[in-house]
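For reference, the structure is listed below as structure tokens.
These numbers come from a predicted model, not from an experiment. The first residue of the sequence shown is numbered 1, and numbering continues consecutively from there. Atoms considered below: every heavy atom in the structure, side chains included; atoms not considered: hydrogens, waters and symmetry mates.
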Amino acid sequence: MNKKAVEGCKLKTLMALCLMAWGINAPAHAAAKVVISQVYGGGGNSGAIFKSDFIELFNAGDQPADLTGWSVQYASATGSSWQKTAINGVLLAGQYYLVQQSTGTGGSANLPSPEATGTLLLSASSGKVALVKNNLLLACGAQCSSNANVLDYVGFGSANNAETNPTALLSNSTAALRKNAGCTDSNDNSADFIVTTPAPRNGATLLHTCGGVSPTPTPTPTPTPTPTPSSQRIHDIQGHTHRSPLENTVVSNVPGVVTLLASNGFYLQDPLPDNDPLTSEGIFVFVGSAPTVVVGDSVLVSGTVSEFRPGGTGGTNNLTTTQIKLASGGASKLSSGNALPAPVILASNVPNQRLWQGNVADIEQATTLDLANGLDFYESLEGMRVQINGAVVVGPSNKFGEVFVVADHGRAAGPRSPRGGVVVTEADFNPERIKLAAGAIKAPAVNVGDWFPQAVGVVDYSFANYNLQLSELAAPVSSNLQPETTVKQTSDELAIASFNVENLDANEGGAKFARLAVQIVQNLQSPDILGLMEIQDNNGATSDGTVDPAQTLAKLITAIKTAGGPAYQYRQINPVDGQDGGEPGGNIRQVFLFNPARVSFIDRAGGSATQGIDVVACPEQACLTASPGRIAPTDPAFNASRKPLTGEFSFNGNKLFVIANHFNSKGGDQPLSGRFQPANRSSEVQRNKQAQIVADFVSRINALDRNANVVVLGDINDYQFSTSVQRLKAVGLVDLVETLPENERYTYVYEGNSQVLDHILVSPALASRAQYDVVHVNSEFADQASDHEPEVAKLTLPQAWFDITARFSQQKSGLVYNAGSKTFNGSLSLAAQSVVSGPVRVQIKDLPAGVTLANGAEDGVLLANITAGTALVLPLKFNNPARVAIRFTAQILANKDFK
């Protein structure tokens, strides 16, 4: 060793270099013993001395310790989400190592110069700190102190994990200090630490030796043969199909690296792929209990290859996942702390239109995968690590914390909705969707359009969907999605809405009623008529024979009035108890709400739960035999399903027939991403029959009045291109959702697919003067008042006027010039037949050029009220600057035809 190197070794901070120059090793284990010697989380808080949190380490051994590649990690007192700060360098025996963390606005003193700096925000009172021998984030909650990668562990305050017992609570002015300057270590945090004033120490602090460490001698173990990897690899087990070619075969010493833990096993991936895109390099190893391996372990696995079908007896339509059922003692660890295989990046490589293309079949029987099919593509990645950059949320978080996303900011996805989702079309059910499911971590609550910069996890399949079991997830970026508000109807526009309010009953808390009321009043702008689906009886799911919904509806109407809306009235028919399907005991049904200040309900007695109504000829051309009434309530098509509710309304003298529906649900259909392709939608059989019955009823109305105003609305539970909707359209009805651009046609978001379930269909004459809007307030948001969106149609229906001039005799007076007003004044006397009474419009017509009516009437129209048998005298004033002879005719109009 040269003189220059020897002189440099006199500086303590370079002692590690000296040890290397002398050829002396500085091992991280053996007699080096690095511990956490101090923890402080009150930095920068009110009452704190120091401005920053910190974690202090100490080498209590008698040899240097190489910290390269290590980390200190922190989690909340009961949390399982860890954060880390990387550390490195050589720590001499008896030397301290200061790791500065987050800095606050309080405190007066800076820390001594730290050896490492991080941004961890430690709790001032309770939490967990771990010294970890690698840079992999821990994925454990209350068992981390025994993790093989953890070198030392401190639980403080109310932490749910510690070495034996946690320390006492800390505060803004106290830290946990290991006793005897860091030398005490009985593996009991409560005994080894005192809570006192923080005293941070760094590498420049005077060395404090603990007198060395004398390891307890252990018997020399009998050498065992080192297992060697088998020639059978994971890709051989996975093969080129959905089911393994080695199913039910015993395999031995299959190599791989542990990538993710589950409650009953772990995921294993081969770091040496075969470069065949059809074969997966990952697999699930079923243990049956919590695994003892940790992420990063290189292991050899022995067991039986099997195909697991999730869902048990109810999951027969699900695809299987290939797994190795671990034999007793079938996992041999070769090493720990290994780098994980690089994840496959999902982007434009994901099929974006073809879910499956092939013969109608069980796709598990296909002889090979086709990577142009979405289901086959994800199968080729089963069990493997995958990374999604720019993961855009297309289905909001559900109650399980699951989120559907598309990759690469949705560049290859589509059709995209203007609000960030992906829309179902007849030819595209969006196979590019994948669900982010809870793995080592769980996604936070997000809405459609929000996005995660990066998501990493392992591909799995459950609940009839391919999932990404999360191991890493960047914080979401909000799209600031806002609820929509429709345009208020004008005086001559009838606003009619359809809204499934999701199992609403009087026992619901006031919060749901208040939210629905705000949506009706503010977002829907108080429609004139509301067809509501899923109104339940007064006690909801309680099955005690109650069928009446008066309390439920009174609570809703009161909430609407409180929100500033009108005093709605309602019409409905109580069902027979337990006969209309839905939530047991709930007796869901359709209800009409209407604003009596704007619209009238035409009541006709006789409607009942079991007596079907019909259409009959009447002076108004077509009338219902009962209003409200139910269509074909005893027909088998409506068994265990809601019966159509029908009523007559009058608006501005225009009569409308409104039919509110809630067709049979899609329950019982094969799943979209299941084993049978294309999926059989068995529920369509009943919906098609229901639709035909309603269509036939509309035909009977049209047969009596070809110009009848008919509105068919509600939760049809099917797409705009479905057979059931086609049957309704076949009798001339126009589905207003199809007037929207294709990427805006959706009323419901299910498993990341924006789709149409709710419809407003109208007769052709109404369609030509309709404005339609789906008002997005629910289904795109994690926090929903209902799972459906309301929809509203504004129908231009001005007051209808009948010419009844022939029913009047008219007498015109002479005209006299008034110099003050410069008008010619006279009168018009009208004598009507005795049957005529009520409001009329008198139109003064055929005036000479330059002569105008000066009565303040717009367009020469005078409004008056006729009393039967009494003559009406109307004063008239004319502007006549040229003083020409004044002649005119008078046309009398009424809003009904007197006969």
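Looking at V344 and R385, their side chains never come closer than 4.5 Å, going by heavy atoms from C-beta outward. Residues P343 and V386 have side chains not in contact (no heavy-atom distance under 4.5 Å, counting atoms from C-beta outward). By the 4.5 Å heavy-atom criterion applied to side chains, F513 and L504 are counted as neighbours. Proximity of N507 to N539: side-chain heavy atoms (C-beta onward) are separated by under 4.5 Å at one or more points. For the pair I194 and K179, the minimum side-chain heavy-atom distance is below 4.5 Å. Residues V299 and V301 form a side-chain contact, since some pair of their non-hydrogen atoms from C-beta on lies under 4.5 Å apart. Looking only at side-chain heavy atoms (C-beta outward), I55 and I36 come within less than 4.5 Å of each other. Looking only at side-chain heavy atoms (C-beta outward), Y466 and R433 stay at 4.5 Å or farther from each other.
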Practice task
Apply side-chain contact (heavy atoms from CB on, under 4.5 Å) to the pair L470 and V458, showing each step before the final yes or no.
Solution key: CA-CA 7 Å; L470 288 170; V458 173; over 6 Å; no
Practice task
In sequence, state the C-alpha distance, the side-chain angles, and the governing distance for D62 and K33, and then conclude on salt bridge (Lys or Arg N to Asp or Glu O under 4.0 Å).
Solution key: CA-CA 8 Å; D62 60 2; K33 185 181 181 183; over 6 Å; no
Exercise for the section: Using the salt bridge (Lys or Arg N to Asp or Glu O under 4.0 Å) rule, take D783 and R515 through it: C-alpha gap first, then chi angles, then the decisive distance, then the call. Expected result: CA-CA 11 Å; D783 183 19; R515 288 189 65 185; 2.9 Å; yes
Practice task
Test W70 against L151 for side-chain contact (heavy atoms from CB on, under 4.5 Å), laying out the working first.
Solution key: CA-CA 10 Å; W70 291 14; L151 299 172; 3.4 Å; yes
Handout entry: Stepwise side-chain contact (heavy atoms from CB on, under 4.5 Å) test for F266 and V294
Key = CA-CA 9 Å; F266 57 93; V294 298; over 6 Å; no
Practice task
Take N147 and Y153, measure what side-chain hydrogen bond (donor to acceptor under 3.5 Å, both in side chains) needs, and give me the verdict at the end.
Solution key: CA-CA 10 Å; N147 190 289; Y153 195 92; over 6 Å; no
Handout entry: Residue pair S126, S123: steps toward the side-chain hydrogen bond (donor to acceptor under 3.5 Å, both in side chains) verdict
Key = CA-CA 6 Å; S126 302; S123 168; 5.4 Å; no
Practice task
Carefully, step by step, assess V257 and D270 under the rule side-chain contact (heavy atoms from CB on, under 4.5 Å).
Solution key: CA-CA 6 Å; V257 175; D270 194 331; over 6 Å; no
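Relative orientation of the F58 and H208 rings is tilted, given thresholds of 30° and 60° on the angle between their planes. Ring pair Y40/F54 is tilted by interplanar angle, where 30° to 60° counts as tilted.
The backbone N or O of D505 sits nowhere less than 3.5 Å from a side-chain atom of E508 that would complete a donor-acceptor pair. Between the side chain of N165 and the backbone N or O of S190, no donor-acceptor pair lies under 3.5 Å. Listed for the Q519 side chain is no donor-acceptor partner under 3.5 Å among the backbone atoms of L516. Proximity of a side-chain donor or acceptor of D53 to a complementary backbone N or O of L121 within less than 3.5 Å is not detected. Between the side chain of Q469 and the main chain of D460, no donor-acceptor pair closer than 3.5 Å is present. Under the 3.5 Å distance criterion, the side-chain polar atoms of N187 are left unmatched by any main-chain donor or acceptor of E163. Judged by distance alone, with hydrogens and angles left aside, the side-chain atoms of N202 form no donor-acceptor pair with the main-chain N or O of Y97 at under 3.5 Å. The closest donor-acceptor contact from the side chain of R178 to the backbone of T184 lies under 3.5 Å. Looking only at distances, no side-chain donor or acceptor of E751 sits under 3.5 Å from a matching main-chain atom of F404. Between the E502 side chain and the D787 main chain, a donor and an acceptor come within less than 3.5 Å of each other.
Applying the side chain to side chain contact (heavy atoms under 4.5 Å, CB included) test between V446 and each of S479, P396, S397 identifies S397 as the sole match. Exactly one of N110, T105, L111 qualifies for a side chain to side chain contact (heavy atoms under 4.5 Å, CB included) with K51. That residue is N110.
No hydrogens or angles considered: a donor-acceptor pair under 3.5 Å links the side chains of D297 and S336. Checked by atom type, the side-chain pair N161/S145 shows a donor-acceptor distance below 3.5 Å. Using a 3.5 Å distance cut-off with no hydrogens or angles, the side chains of D66 and T68 do pair a donor with an acceptor.
Screening residues 75-89 for side-chain hydrogen bond (donor to acceptor under 3.5 Å, both in side chains) gives T85-Q101 as the qualifying pairs, with residues at least two apart or on separate chains.
Considering only residues two or more places apart in sequence or on other chains, R419 meets the salt bridge (Lys or Arg N to Asp or Glu O under 4.0 Å) condition with E484, E780.
In terms of heavy atoms, G79 sits closest to A75 at O-CB, 4.2 Å. The two residues S462 and P310 have their closest heavy-atom pair at CA-CG, 4.1 Å. When every heavy atom of P271 is checked against every heavy atom of P341, the shortest pair comes out as CA-CG, 4.3 Å. Contact detail for L473 and A455: the closest heavy-atom pair is CD1-CB, 3.5 Å. What you find for A93 and G61 is that their closest heavy atoms are CB-O, 3.3 Å. The heavy-atom pair separating G42 from A48 by the smallest distance is O-CB, 3.3 Å.
Atom-to-atom distance recorded for N338:CG and L136:CG is 9.5 Å, nearest 0.5 angstrom. Rounded to the nearest 0.5 angstrom, E115 CD and L57 CG are separated by 9.0 Å. In this structure, OG on S298 lies 10.5 Å from NZ on K333, to the nearest 0.5 angstrom. If you take CG on N45 and CZ on F50, they are separated by 14.0 Å, rounding to the nearest 0.5 Å. In this structure, the separation between OG on S478 and CG on N447 is 7.0 Å, given to the nearest 0.5 Å. Atom OG1 in T167 sits 7.0 Å away from atom CG in N189 (nearest 0.5 Å).
Look at E56 and R201 and you find a salt bridge, because one of the NZ, NE, NH1 or NH2 atoms lies within 4.0 Å of a carboxylate O, short of that distance. Using a 4.0 Å cut-off between a side-chain N of Lys or Arg and a carboxylate O of Asp or Glu, K133 and D152 do not qualify as a salt bridge.
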